[in-house]
Asks: 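Right, I'll just put the structure down here and ask away after.
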There are 2 protein chains.
Amino acid sequence: MEQAQVFSDFLTHKGLKSTIQRKLILETFLASRSHCSIEDLYLKLRKKHSKIGYATVHRTLKLLVECGIAIEQHFGDGHARYEPVRENSHHDHLVCRECGEIIEFEEPRIEQLQNQVAMAHNFTIISHRHELYGLCSGCAQK
Amino acid sequence: MEQAQVFSDFLTHKGLKSTIQRKLILETFLASRSHCSIEDLYLKLRKKHSKIGYATVHRTLKLLVECGIAIEQHFGDGHARYEPVRENSHHDHLVCRECGEIIEFEEPRIEQLQNQVAMAHNFTIISHRHELYGLCSGCAQK
DNA sequence: AGGGTTTTGATTATCATTATCGATTGATAA
DNA sequence: TTATCAATCGATAATGATAATCAAAACCCT
């Protein structure tokens, strides 16, 4: 099922309404580069629909997180970032401190070790975050 | 060299002054449970030195981070937490979403895989964060 | 001990996020 | 289609953590 349908069903199920703003925000979010901030999306949306409010973008992104279409990320610059959820594709991040580039990585062996660690502490994992901060290849050369 | 000396040398080197507040904050910080917030420390300090200001605690913790005595952690509840740095003992965290308990873990095999990931991207690691969020054994039973 | 500089503590500013509120819109039933 | 009414919008104010400001006090060096 495509995301627009998932969102629509989610809204109906919660007794919420489908509005042109919500549709537009979802559409713009999905068409954007990954890891965009609220500010990024807001500015892009203003070009199509100049009256849209910052609060509406904010509220709608929370809804997208709630219904599983987006996930919220924090990389330490004080701006929450949002990323579309892809099926069967968990990944973590390399974050360049210099240019801000964000590179995704997957390492199933790390995930497996994580599970071992949790098990050793009788801990039930709900989610995790794993980020490596440093310099990307371009910035390291300078 | 003990931490009080490290801090004192750091202050001298930077042309900063040793004050009773700074000494008291360091002392109280080192005596506290790990992962304490600014609020935690502030409240504890007020009992010994009722006039100390919130801003002073805040500023001094930043200094402790700068001179390598403390590290700052963020576990997603909006409160920065500070932890004394121990030599040769890097660790990461399990964070209970229910009771807030923070459990430390070390897994050299994960660190090794991290390095491999970074190398594959020509990425230079400066620091990293790795946190597993979920339920501790106590909270999972309920 | 004294003078110049830093620090303190109280307060205010800042920034991201969240709450509020009157006007407007969407969904449902007549 | 229209009426109804709750949900939503957009603007703005509130919030909360952190950072900046500034006069008074403390510190350090001579």
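Just so it is clear, the model here is predicted, and its values are computed rather than measured. Proteins come first, then strands; the chains are lettered A, B, ... in the order of their sequence lines, and each starts at number 1.
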Asks: For the helix from C:dA1-D:dT30 to C:dA30-D:dT1, figure out the bend between the end axes, five pairs an end, and round to 10 degrees.
Replies: 30°
Asks: Taking only distance into account, with no hydrogens and no angle test, what donor-acceptor pairs under 3.5 Å do side-chain atoms of residues 64-78 of chain B form with protein atoms, sequence neighbours excluded?
Replies:
unit_1: B:Glu66; atom_1: OE2; unit_2: B:Lys14; atom_2: NZ; d: 2.7
unit_1: B:Glu72; atom_1: OE1; unit_2: B:Lys62; atom_2: NZ; d: 3.0
unit_1: B:Glu72; atom_1: OE1; unit_2: B:Tyr82; atom_2: OH; d: 3.2
unit_1: B:Glu72; atom_1: OE2; unit_2: B:His74; atom_2: NE2; d: 2.7
unit_1: B:Gln73; atom_1: NE2; unit_2: B:Glu83; atom_2: OE1; d: 2.8
unit_1: B:Asp77; atom_1: OD1; unit_2: B:His79; atom_2: N; d: 3.1
unit_1: B:Asp77; atom_1: OD2; unit_2: B:Arg81; atom_2: NH2; d: 3.1

Asks: Would you find more than 12 non-hydrogen atoms of other residues, nucleotides or ligands less than 6.0 Å from A:Glu98 atom CD?
Replies: no
Asks: A:Lys14 NZ to D:dA6 P: how many Å, rounded?
Replies: 19 Å
Asks: Is there side-chain contact between B:Gln3 and B:Glu27, with heavy atoms separated by less than 4.5 Å?
Replies: no
Asks: Within a strict 4.5 Å, meaning less than it, do heavy atoms of the A:Lys44 and A:Glu39 side chains meet?
Replies: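 No; the side chains remain at least 4.5 Å from each other.
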Asks: Compare all side-chain heavy atoms of B:Ile25 with those of B:Arg22 and state whether any distance is below 4.5 angstrom.
Replies: no
Asks: What's the CG-P distance between A:Leu11 and D:dT8, to the nearest Å?
Replies: 8 Å
Asks: Without placing hydrogens or testing angles, list every side-chain donor-acceptor pair under 3.5 Å for residues 132-142 of chain B, not counting sequence neighbours.
Replies:
unit_1: B:Tyr133; atom_1: OH; unit_2: B:Glu131; atom_2: OE1; d: 2.6

Asks: Would you mind reporting whether A:Glu111 and A:Asp92 have side-chain heavy atoms less than 4.5 Å apart?
Replies: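 Contact flag for A:Asp92/A:Glu111 side chains = yes.
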Asks: What do you reckon, is NZ of A:Lys47 surrounded by more than 12 foreign heavy atoms closer than 6.0 Å?
Replies: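 It does not: A:Lys47 NZ has 12 such atoms or fewer within range.
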Asks: Quick check on the 6.0 Å ring-centre criterion: do B:His90 and B:His128 meet it?
Replies: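 Yes, the ring of B:His90 comes within the 6.0 Å limit of the ring of B:His128, centre to centre.
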Asks: How many whole angstroms separate atom CG of B:Leu16 from atom C1' of D:dC27?
Replies: 12 Å
Asks: Any chance the rings of A:His130 and A:His91 have centres within less than 6.0 Å?
Replies: no
Asks: Short of 4.0 Å, heavy atom to strand atom, which residues of residues 17-39 of chain B count as contacting DNA chain D?
Replies: B:Lys17, B:Ser18, B:Thr19, B:Ile20, B:Ile38
Asks: Expected output is a numbered-order residue list: members of residues 52-65 of chain B with a heavy atom under 4.0 Å from any atom of DNA chain C. What is it?
Replies: B:Ile52, B:Gly53, B:Ala55, B:Thr56, B:Arg59
Asks: Which nucleotide span of DNA chain C, 5' end to 3' end, has atoms closer than 4.0 Å to non-hydrogen atoms of chain A?
Replies: C:dA16 to C:dA27
